Structures are given as structure tokens and as C-alpha cells.
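Step one of this worksheet: look at the structure below.
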Amino acid sequence: MKRREFLIATTALVGTTTVHGLLSPALAQAEPKTGGTLIWGHSETTQNLDMHQTGTASTGRVLQNVHNSVVTVDKDLKVIPMLAESFEQSDDGLTYTFHLRPGVKFHNGADMTSADVKYSFERCKDPATGAVNFEVFNAVEAIETPDPLTVVVRLSSVNAPFLSRLAENGAGVVMPEGSGDIQGETPVGAGPFRFVRREFGNEVELERFDDYWDGPAYLDRIIAREISESTVRLTGLRTGELHMINDIPADRMAEIEGDGDLQVVKWFPLNWDFVNLNHNFEPFKDPRVRLAFDLIIDKEMLLQGALWGQGATTATACFPSSPSYNSELTQRGQDIARARALLDEAGYPAGELDVVFKATTNYPYHIEAAQIMVEWFRQAGVKLTIEQLTWADWLSQVWVDHDFQMSMMNFFTLWEPDFLFYSMWNSTGAFNYRGVNDPEIDRLTEEARVTLDPVARADIYKAVQQRVHDEVHDVMLWFRNGSIGAQPSVGGLDTVVHPNGSNLNFHKVWLNA
């Protein structure tokens, strides 16, 4: 069916979803076996390999296997020990004590001590590092190491989400003392796999670390081949060139699920997508223009046309399973007439507004979504021009230089509400590349950080979501399903998806042949 015919024929959301629901693989699994090299068709290209600095989920998905954090989360997103054997928080919320596991080794052969934790935390805190999670440590007043296996972190003011932020990518990762200069090219950690090499834009090789504190992995090696073209990725799976792939092409999902010779794992959500409006671009400084652009887009139709229904529309970026989720928000329906009236009122009558939409080919469905939107914007009197960028160019132009007018992006792993709302919408947030500057959101996100009561803190985050929605700081689209396709020889697929829905952990994965 042609894309235009598909759009005309499709009028409703299809498919069912389950929050963090992992479907059982189609084929029965044998007992775990040791050995073999797993070839993984990775849907994205890795960038900076420094886990403290990297802002891309594609890189974190690989580095998840190289590094471990002081703490992590269980399947219910509850903070639990990892490199720390246990931890305590003082009643006033100002002191955190971590008791480290004895015998943890780094890939360079060194034993992990409290000095490594202190180094890692201080490296994140140092503005010169450029860590994406720097603000996690803003309130850290002192880091003490009374003995080699004890770390005491003292805060100058309450930071209620401190523990949960350490459980997320980057902030809680422990690196060997003094290793910062080499992490970007040759990362060294304490995870189940050791970094071997990377051919930029092609593949990354990892090998089993036999001294891993939680027991060695089954696989000898992982080769992560970076294949952003979904058809090529799927062909590699079908021919047996690849053992597994992530991100099964949305338009081929039903076909692959019906193939008895392949395993399929699906879960919801993998990530959330939204349309980005650069608040430093003159038209978008006017909330009437931002509202008009929201009204131009038919989110349900776009989900079908670009993503073939593999997800669910949403009015907020908050994880649906989170206590902070604002269930009262609903997306605005398409209303071209009202959008045109708002644009007229703002001084942009039909034919007067030209906007460049920068989309990355790293996500082909972003290109398709932009192409679908062109006609809707034409109907509203706006000329929308698509500029297609490689992933590296998108990161350079949009993420780093903020050189864009309109774009589209998806974010992974932002299950933790402070990480999500502070990073994305606080005026100083590390992920606020759209230039949002809303004093009310700044106030609310700062207030949440000093609110120890979890119910009260959740209510604050609900207010943040309401504010983002009311001011149309961005246009929310959908949560996307996650998926893995694999050969029948791959075992342990029920263990591979991290609770954050994005990272893949190969510690307990094996090959039967």
C-alpha cells in the first residue's frame, strides 16, 4: 500500500500496549551455554564513548555492558545496590553513605575502591568535564572516603532525587581513578564486558570480562554492527548474518511476528518522540505560533503513517508507569482552521512563514513524519522545508550549536522524573537544546529537588507537565514500542532489556550454536 493510501485509509490507533511488558520469545530456550560471538545489528551509531559525557542513548546502549553504577534499579524502577553492597540516607536527606562491594575489579586489573567513586563523582561535578549529568552533584558539598570501601556524600541542601539519578546512565558510573582522558576512545569500566575496539560508524567489539564481580558472562564476544538502515538490518537477520537486531522495522513487525523461525521480543515504552521548536527562533517566541503548530499536527494519523501504529500517542513525556504521570492531560486534536487564525493573529498570514525542519536519517521514521507534516503545514499557510542530516550532523547542528528552527527527536531512559523534567525543561538543563526559558518551570523543578515527600514531589512534576502542555514548549507525539528480533540460537532474551526500556544488557545472553 502506498503511503498516501495508507494515511487516507487509517483513522485510528491500532495495537495494544503494556507498560514494560516483555513478551516471551516465540521459541523455547535451552540451558545456558558458554562461548561464541554474538553479532548484534545495532540500529544506531555510537558517538563519544565517555559514559559521563555522552548524551546519546545509542552509545549508552553499548556502554551499559562496559560500565556499572554505584546503584541501579529493579524491574519496578526501585533503586537497589550495584557496585555498592548497601547504602544509607540520613533522615534529613543531606548525607548518603555507600558501602562498596569488596573484590570488584576494573578491566585494567585494578581493584575498585572508594577513591575511584570519589574521582568519578567529582569528575561529573566538574564543569570542565562536560558531563551531561553534572547538575546531579550541584548540592554536593563534600565526598569523604573514611576507608577503601566506604564513601560518604554530604550535601549542602536536600536533593531528593539524588539516589535515583545515580541509578541512571552516567551519573553513578564508576571509572578507575585518573582514567578520564582515555574514556572517550577506550572506555574502561567494571562491567561484564571489556571494550576491545571501535570502527567509527561501523562496529564496536566487546569481550567477556572473566573477573566481573557478578560472575562472567556466557558470551565470549559481542560485535555491535551499526546499521541504521532498517531494511538492511532486517535482511541481515533473515540471512543469518546477524544473530539479533533491535528496532524491527515498524512496517514489517506483523510479518516478523508471524515468522516461526525467528524470536521476537516487544515492550512498551522504548522511548518518546516530540517535535522540537527552537525558542530562540523569533516566531516560536510567541506562544500563539507554538500552539498553532501543535494544532496543525494530527498525532494519531502521524503515528500510523510514520510508525505503523507501533506505539501510543501521549500528551506528556512522563513514563506511564510513573507516580508522576499526569493522566489528566490529553493531546490537542488537529484543527487547521484554528491554527491559521492563531498565525494570522500573531502576524504570520498564509504564505508569510517559512520554516526549515531538520530531521536525522538516523531515525528514518522521523524523515517520514516530516514528509507527512509538510502537507498539513501547507494547508495552514506555512511552508515547511525538510533538511535531512546524518546523525553526527544533527548532533552538531541541533544538539550542540542549537542551529535549527524546527526538528524532531526521541529520548530514551528518562524514566526518572528529575532527569526528565530538569534536564529537558529547566533553563539550565543539560538537554534543553530548544532554549526553553520558563521561570515557573525553573521554580517547580527546583522545588521538586528539595521535596522529600514522594507524593508531594510527584504532584510538582504533574504541574510541570501541565505547564509544558499549556505553554506548548514542545509538541508531544508518542511513546514508541521497543522490539528485538533474534535467531533461534540466541538464549536469555528475557534478561536483555534494562528496566529503563532502552539499554540492552548481554550479561545473561548466550548462543546455543
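Bear in mind the structure is a predicted one, so any value in this text is a computation, not a measurement.
V158 and D92 make their closest contact through CG2-O, 3.5 Å (heavy atoms, listed as atom of the first residue, atom of the second, distance). Across all their heavy atoms, G191 and N68 have their closest contact at CA-ND2, 3.9 Å. Here the closest heavy-atom approach between residue T451 and residue A456 is recorded as CG2-CB, 3.7 Å. Taking each heavy atom of K462 and S324 in turn, the nearest pair found is CG-O, 3.2 Å. Of all non-hydrogen atoms in L63 and P187, the two that sit nearest each other are CD2-CG, 3.9 Å. Annotation for S427 and N432: closest pair CA-ND2, 3.5 Å, computed over non-hydrogen atoms.
Inter-residue side-chain proximity for H42 and S58 is flagged as met; some heavy-atom pair is nearer than 4.5 Å. Using a 4.5 Å cut-off on side-chain heavy atoms (C-beta onward), M424 and F274 make contact. For the pair F98/E88, no side-chain contact is recorded, criterion being any heavy-atom separation below 4.5 Å from C-beta on. In this structure, V152 and I143 have side chains that are not in contact, with every pair of non-hydrogen atoms separated by 4.5 Å or more. Put simply, the side chain of F421 reaches to within 4.5 Å of the side chain of C318, judged on heavy atoms. L395 is not listed as a side-chain neighbour of V398, based on a closest heavy-atom distance of 4.5 Å or more. Looking only at side-chain heavy atoms (C-beta outward), V153 and T95 stay at 4.5 Å or farther from each other. Residues S407 and W394 have side chains in contact (heavy-atom distance under 4.5 Å, counting atoms from C-beta outward).
Donor-acceptor pairing under 3.5 Å is lacking for the side chains of Y363 and D273. For the 3.5 Å distance criterion, the side chains of T56 and T59 qualify, holding a donor opposite an acceptor. Using a 3.5 Å distance cut-off with no hydrogens or angles, the side chains of D50 and Q183 do not pair a donor with an acceptor. Side-chain polar atoms of D393 and T390 form a donor-acceptor pair below 3.5 angstrom. Between the side chains of Q331 and H469, no donor-acceptor pair is found at a separation under 3.5 Å. Side-chain contact of Q388 with T361: a donor-acceptor pair under 3.5 Å is absent, judged by distance alone. In this model, a donor atom of one side chain and an acceptor atom of the other lie less than 3.5 Å apart for N500 and H498. Under the 3.5 Å distance criterion, with hydrogens and angles disregarded, no donor-acceptor pair is assigned to the side chains of N276 and R434. Between the side chains of T316 and Q465, at least one donor-acceptor pair of N or O atoms lies under 3.5 Å. N48 and Q53 are linked by a side-chain donor-acceptor pair at a separation below 3.5 angstrom, with hydrogens and angles left out of the test.
Aromatic ring centres of F377 and F293: separated by under 6.0 Å. For an aromatic pair to be called close, the ring centres must be under 6.0 Å apart, and F419 with F431 satisfies this. Side-chain rings of F506 and W40 approach one another, their centers coming within less than 6.0 Å. Taking the ring centroids of W399 and Y433, they lie under the 6.0 Å cut-off.
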Audit row: F137, L155, side chain to side chain contact (heavy atoms under 4.5 Å, CB included) steps and yes/no: CA-CA 9 Å; F137 301 94; L155 308 184; over 6 Å; no
Worked verdict on E122 versus K125 for salt bridge (Lys or Arg N to Asp or Glu O under 4.0 Å): CA-CA 5 Å; E122 289 182 342; K125 179 180 173 63; over 6 Å; no
With salt bridge (Lys or Arg N to Asp or Glu O under 4.0 Å) as the criterion, how do R288 and E345 come out once you've worked through the C-alpha distance, each side chain's angles and the decisive distance to 0.1 Å? CA-CA 8 Å; R288 293 170 297 184; E345 182 182 321; 3.4 Å; yes
Begin from the C-alpha positions of L384 and M373 and carry the test side chain to side chain contact (heavy atoms under 4.5 Å, CB included) through to its verdict. CA-CA 8 Å; L384 197 65; M373 282 189 266; 4.2 Å; yes
Given the rule in the side chain to side chain contact (heavy atoms under 4.5 Å, CB included) test, do K299 and Q334 qualify, once you have shown the distances and angles that lead to the verdict? CA-CA 8 Å; K299 288 83 171 178; Q334 187 182 55; over 6 Å; no
Walk me through whether S483 and M253 qualify under side chain to side chain contact (heavy atoms under 4.5 Å, CB included). CA-CA 9 Å; S483 62; M253 181 62 69; 3.5 Å; yes
Would R480 and D247 satisfy salt bridge (Lys or Arg N to Asp or Glu O under 4.0 Å), going step by step from the backbone distance to the final call? CA-CA 10 Å; R480 180 163 67 105; D247 282 353; 3.4 Å; yes
Evaluate K266 against E257 for salt bridge (Lys or Arg N to Asp or Glu O under 4.0 Å), listing each step before the verdict. CA-CA 10 Å; K266 286 175 62 178; E257 286 184 299; 3.7 Å; yes
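Exactly one of D354, V289, L353 qualifies for a side-chain contact (heavy atoms from CB on, under 4.5 Å) with V382. That residue is L353. Applying side-chain contact (heavy atoms from CB on, under 4.5 Å) to M51 and the options V173, V132, N133 leaves one that passes, V173. Between I372 and the choices L302, I297, D298, the side-chain contact (heavy atoms from CB on, under 4.5 Å) rule is met once, by L302.
Side chain of R101 to main chain of M82: a donor-acceptor pair is present (N/O by atom type, distance under 3.5 Å, no hydrogens or angles). No donor-acceptor pair closer than 3.5 Å links the side chain of D401 to the backbone N or O of D403. A distance-only check finds no donor-acceptor pair linking the side chain of S396 to the backbone of A392 [under 3.5 Å]. Within the 3.5 Å criterion, the main-chain N or O of L504 finds a donor-acceptor partner in the side chain of N65. Judged by distance alone, with hydrogens and angles left aside, the side-chain atoms of T360 form a donor-acceptor pair with the main-chain N or O of N362 at under 3.5 Å. Distance alone, capped at 3.5 Å, places no donor-acceptor pair between the S423 side chain and the A430 backbone. In terms of modelled atom types and a separation under 3.5 Å, the side chain of S164 and the main chain of P161 share a donor-acceptor contact.
Around atom CD of E144, more than 12 heavy atoms belonging to other residues, nucleotides or ligands sit under 6.0 Å away. In K285, the NZ atom is crowded: over 12 heavy atoms of neighbouring residues, nucleotides or ligands sit closer than 6.0 Å.
Note on ring orientation: taking the six-membered ring where Trp is involved, the planes of F162 and Y96 are tilted (angle from 30° to 60°). The aromatic rings of H279 and H473 are tilted relative to each other, their planes meeting at an angle between 30° and 60°.
Using a 4.0 Å cut-off between a side-chain N of Lys or Arg and a carboxylate O of Asp or Glu, D418 and R457 do not qualify as a salt bridge. Ion pairing of R449 with E135 is present here, as a side-chain N (NZ or NE/NH1/NH2) and a carboxylate O approach within less than 4.0 Å. R165 has no carboxylate O lying under 4.0 Å from a charged side-chain N of E168, or vice versa, which leaves the two without a salt bridge.
Rounded to the nearest 0.5 Å, atoms CE (M244) and CG (L493) are 6.5 Å apart. Of the inter-residue distances, the one linking N481 atom CG with L307 atom CG reads 7.5 Å to the nearest 0.5 angstrom. Taken to the nearest 0.5 Å, the CG atom of D459 stands 11.5 Å off from the CG atom of L444.
A cation-pi arrangement is found for R61 relative to F412, the charged atom lying closer than 6.0 Å to the ring centre and inside a 45° cone about the ring normal.
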